[in-house]
Amino acid sequence: MGALILDGKKTAAEMRGEMTAEVAQLKAVHHLVPGLSVVLVGDHPASVSYVTAKQKAADETGIYSEEHRRPADFSEEDLLKLVDQLNHDPKVHGILVQLPLPKHIDENKVLNAIDPDKDVDGFHPVNVGKLMIGEPGFLPCTPHGVQKLLVRNGFDPSGKHVVVVGRSNIVGKPVANILLQKKAEANATVTICHTGTKDIAFFTRQADILIVAAGHPNAVTADMVKDGVVVIDVGVNRVEDATREKGFRLVGDVDFDGIKPKAAAITPVPGGVGPMTITMLLFNTIESAKRHNKMSE
Ligand code: GUN
């Protein structure tokens, strides 16, 4: 059986097309321009390229975007002041402080300072709590993107056994919580495996849908999955590759080539979950603009 390749670029492009039309309508009918403010402290190369990609995607969708780039020695106090200023700026509906922050800054303090109603990353404890109890808030972008990628490609998680490998606050825990809610596009039976799990393969073999965010290559191999599984690989790892210009290539957390013949569907890396993450950031920014203008709950 040849697995369906779950094409995140295609799904993301479809969603961005819909959002571009929605933003145009919000402008034309309501004179409302959704606004996103991205804060970057320092010049970590991966962070610079993420931030650039986020702004480009916002611009293409018609969302107003602004970047606040500050030097690596920017103080925590000044960063908190900047966040406060953005919290009160009416043209800004979404605030994203790019992580990781330099060591001298307390990340939690900064994330907690963002107005939960502008927290388009979905990292503020208020939004984490709302997710737990099923109230509308902002869902974190990568796990929300995983849900949309599944549903839009015909793999509704309802009634399925979803096994998540990894318990991080940005992927494992929230994706498990999103998919177990008693709601449409969710309603799954969810198991979470992690480094403390004694026999991960015992659980992964039971998965109808397997979501892997373990943080290292080959965390899941072909012997660990059943025939017909749907695999979502959230991992992004650099492995040395002398044949590539940059000297490395990107791989996910699962053995893609080994698992593909057994799977019903599988995401590639790159081109799977990655393009969905930024798409959901745009989605949250539009949603926030509508909420601030009482056009949504
Ligand atoms: N760094 C890597 N991914 C993310 C993300 O989704 N949001 C933020 N704020 N920082 C990140």
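The figures that follow rest on heavy atoms only: side chains count, while hydrogens, waters and symmetry mates do not. Counting starts at 1 for both ligands and their atoms, following the listed order.
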TODO: Give the atoms of ligand 1, by number and element, whose distance to some non-hydrogen atom of Val97 is under 4.0 Å.
DONE: 8 (C), 9 (N)
TODO: Report, as yes or no, whether the 6.0 Å neighbourhood of atom OH on Tyr50 holds more than 12 heavy atoms from other residues, nucleotides or ligands.
DONE: no
TODO: Report the part of Asp121 in contact with ligand 1, treating N, CA, C, O as backbone and CB onward as side chain, heavy atoms under 4.0 Å; options are side chain, backbone, both, neither.
DONE: side chain
Open item on the list: Pair Asp156, Ser158 - check side-chain hydrogen bond (donor to acceptor under 3.5 Å, both in side chains), show working.
Closed with: CA-CA 6 Å; Asp156 191 325; Ser158 183; 4.7 Å; no
Task: Aromatic ring pairing His144/Phe283, orientation class (parallel under 30°, perpendicular over 60°, tilted between) - done: perpendicular
Task: Thr195 versus Arg167, closest heavy-atom pair with distance - done: OG1-NH2, 3.2 Å
TODO: For Leu96, counting its heavy atoms only, list the atoms of ligand 1 lying under 4.0 Å from any of them.
DONE: 9 (N)
Task: Thr61 and Arg16: side chain donor to acceptor below 3.5 Å - done: no
Task: Leu99 N/O under 3.5 Å from ligand 1 N/O - done: yes
Task: Polar contact flag for Gln98 and ligand 1 (N/O pairs, less than 3.5 Å) - done: yes
